[in-house]
Amino acid sequence: MNPVPLYVAIPLGAAFLIPVLGMWWKKSGEALATLSTLLLAVMAILAVGTPAMVHHMGGWTAPLGIALVSDGLTVLLLITINVIAFLCTVFSLKYMTAYTGLPKYYSLFMLMVAGMNGVVVSGDLFNLFVFLEIASVASYALVAFGVEADELEAGFKYMILGSVASVMILFAVGTVYAVTGTLNMADAAREISTRFGGAEMNPALLLAAAFFLMGFGLKAALVPFHAWLPDAHPSAPAPISAMLSGVVIKSLGVYAMCRVMFHVFGFASSSPSSVIIANAMITLSVLSIVVGGLMAIGQWDFKRLLAYSSIGQIGYVTLGLGVGARVLATGGTRSLAALAILGGLFHLINHAAFKSLLFLSSGAIQHATGTRDMKMLSGLGKRMPITAATTNLAALSISGVPPFSGFWSKLIIIVATIKAGHPAVAAVAIAMAFVTLAYYVKVQREIIFGPVRGRAESAKEVSAAMYVPLIILAIVCVGFGLLYPVWGSRILEPARDAVLNSAEYVKLVLG
Amino acid sequence: MKGMTLIVKTITDFVVAFIVVFGAYIVLYGHLTPGGGFAGGVIIACAFILLLLAHGSDAAFAVLPEKVAHIFDSAGALAFLIIGWVGVTGGFFFLNVFGRGEAFRLLSSGMILPLNIAIAFKVGSSLFLVFAALAMFRRRSFRAMIEEELS
């Protein structure tokens, strides 16, 4: 019995137990959510270094039954999701006391975790869609959890656009099923590569790829599918913002896109269709980097600035993956493709760490001062030293200041882009890295340094339950950059190899 | 909500029991004939929704209190998960470890029947709760509208 189904079963069980127990025991949500996310985080960390494995649901083997797969890429995402979910739960314990209906909050939170874990372990296209819907529906409700007018509006907008994305994905899944006659990802991949490997794809498959790109692009908030994100992420309670920006857009958007594009469709060398898909990925990424970065500069709402910044940073992640895909599709060297993909995945896990840290810090600041308007805050460094220090560190890391983690991942992506022969794209990426630095310098100047003014005057440092997760994430931000030799070869490189070797994935699932 | 006319109320009282029985039939025979937990659950929920429409929400909650519906809602999902866990004793999640029985008998096909019953509880109670919530919100916003008119 391997532990893969536990990643879905534990949070699902907690999600349904919490509301029942919550009728008699008010603290059921806090207790069960903390316990199960801690368990999941420990399990995910212990899964590092274990060989890739497949669990056949109900004992039915792969093309017939539903397979749950855990390979290098899955482990990377499982660690990201569950560790951040645990830290966000710990942060919620104190932060969420201002809200009512807490058992419902924790129940939805655990449903969202179950959905995301399900997306990353699913080896079946339709199950991927179902888990994606579980996580999405839970996140729509969580965005509107405050039930103020603007929160409801953001939740509603997110729901409408998210449903459009889900319809696109469902349609694409149906099209792949119509062409290949199977829903198992490995089986579909084998069918596609034997029929179209290296040649032009069936137009129906290209349409499916376009719908997948659109659907997952919307979940990942790539420009021009980003309109919901700047409303949804700031409106949610801070731990949920951290989850949404830190892991939801990655597991539902980037991971799913990566898995489907690299493994199901595959980037066979000299296939004109593969080049089209790779070009589309690069174009969407560059648009996101530029639009996200430029829109972030003008924001005065701290959380809204972070939300726009997420759009830009997700662009870097998909740029790495897109360049890797294009190198594979045009018959370039595998080591160059590997470098680009490594950069993308490295930035994915880095962004999960520093963006959740920034959103949690913004929550701590809002908790202490009652506002997130940067014009009303100044000099928080003197009043809230710990929160200010972690915010500073995350800001430096995300803007790519050496030696923090964000610098290395952006460097790898940009080097790979230049080596792959896209100097213009690389120039845009470098220029926008400076824009990122510019708006995070603005954050530091406005709210951390300077004289103590406005709401900051009465602010006090938040309690330990809130700053301990911040400190842990800050350590992670520094550690990812400096200790790469220690953890990179164990977590990141297996993930890169898993993305690169689609044939191995097929062999793993189908045996 | 006071409910509808006497004619509707009387007819509802007649048919509700039949609807529930038919829903239960669809649930219990889901593994033999078309139907199953989801469809049967929806039909059973329809009976309670009919009660709610005809007699008002108080009468419906007297038969199926909100708290009980919430418990059924979560318990159905939990039961599904637990049955899935029973399969782990045979090595796989959701492995059909129960006795299969003789084909086309009511007690056959192992865990499919219990799974159908679990799903029926989940779907029936949550559909009823969704409808009850919609009815409550509608009433509340209507009252708010009148208050706005008056003030």
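None of these values were measured; they are calculated from a predicted model. Chain naming here is simple, since letters A, B, ... match the order of the sequence lines and numbering starts at 1 in each.
- The neighbour count for B/F121 CZ, taken as heavy atoms of other residues, nucleotides or ligands under 6.0 Å away, does not exceed 12.
- Note on ring orientation: taking the six-membered ring where Trp is involved, the planes of B/F92 and A/H56 are tilted (angle from 30° to 60°).
- The CG atom of B/L95 sits 10.0 Å away from atom CH2 of A/W60, with the distance rounded to the nearest 0.5 Å.
- Ranked by heavy-atom pairs under 4.5 Å with chain A, the list B/L81, B/D73, B/L78 is led by B/L78.
- Environment of CD1 in B/I7: sparse, with no more than 12 heavy atoms of neighbouring residues, nucleotides or ligands closer than 6.0 Å.
- In the displayed structure, B/Y29 atom OH is contacted under 6.0 Å by at most 12 heavy atoms of other residues, nucleotides or ligands.
- A/L17 touches chain B through backbone and side chain together, each having a heavy atom under 4.5 Å away.
- The CZ atom of B/F80 sits 10.0 Å away from atom CG of A/L12, with the distance rounded to the nearest 0.5 Å.
- Separating the CD1 atom in A/I66 from the CZ atom in B/F94 is a distance of 9.0 Å, to the nearest 0.5 Å.
- Interface residue B/I71: backbone and side-chain heavy atoms are both found under 4.5 Å from chain A.
- Here A/G59 is the residue among A/G59, A/S107, A/G65, A/G13 with the most heavy-atom pairs under 4.5 Å with chain B.
- For A/F126, the CZ atom is loosely surrounded, since the number of other residues' heavy atoms within 6.0 Å does not exceed 12.
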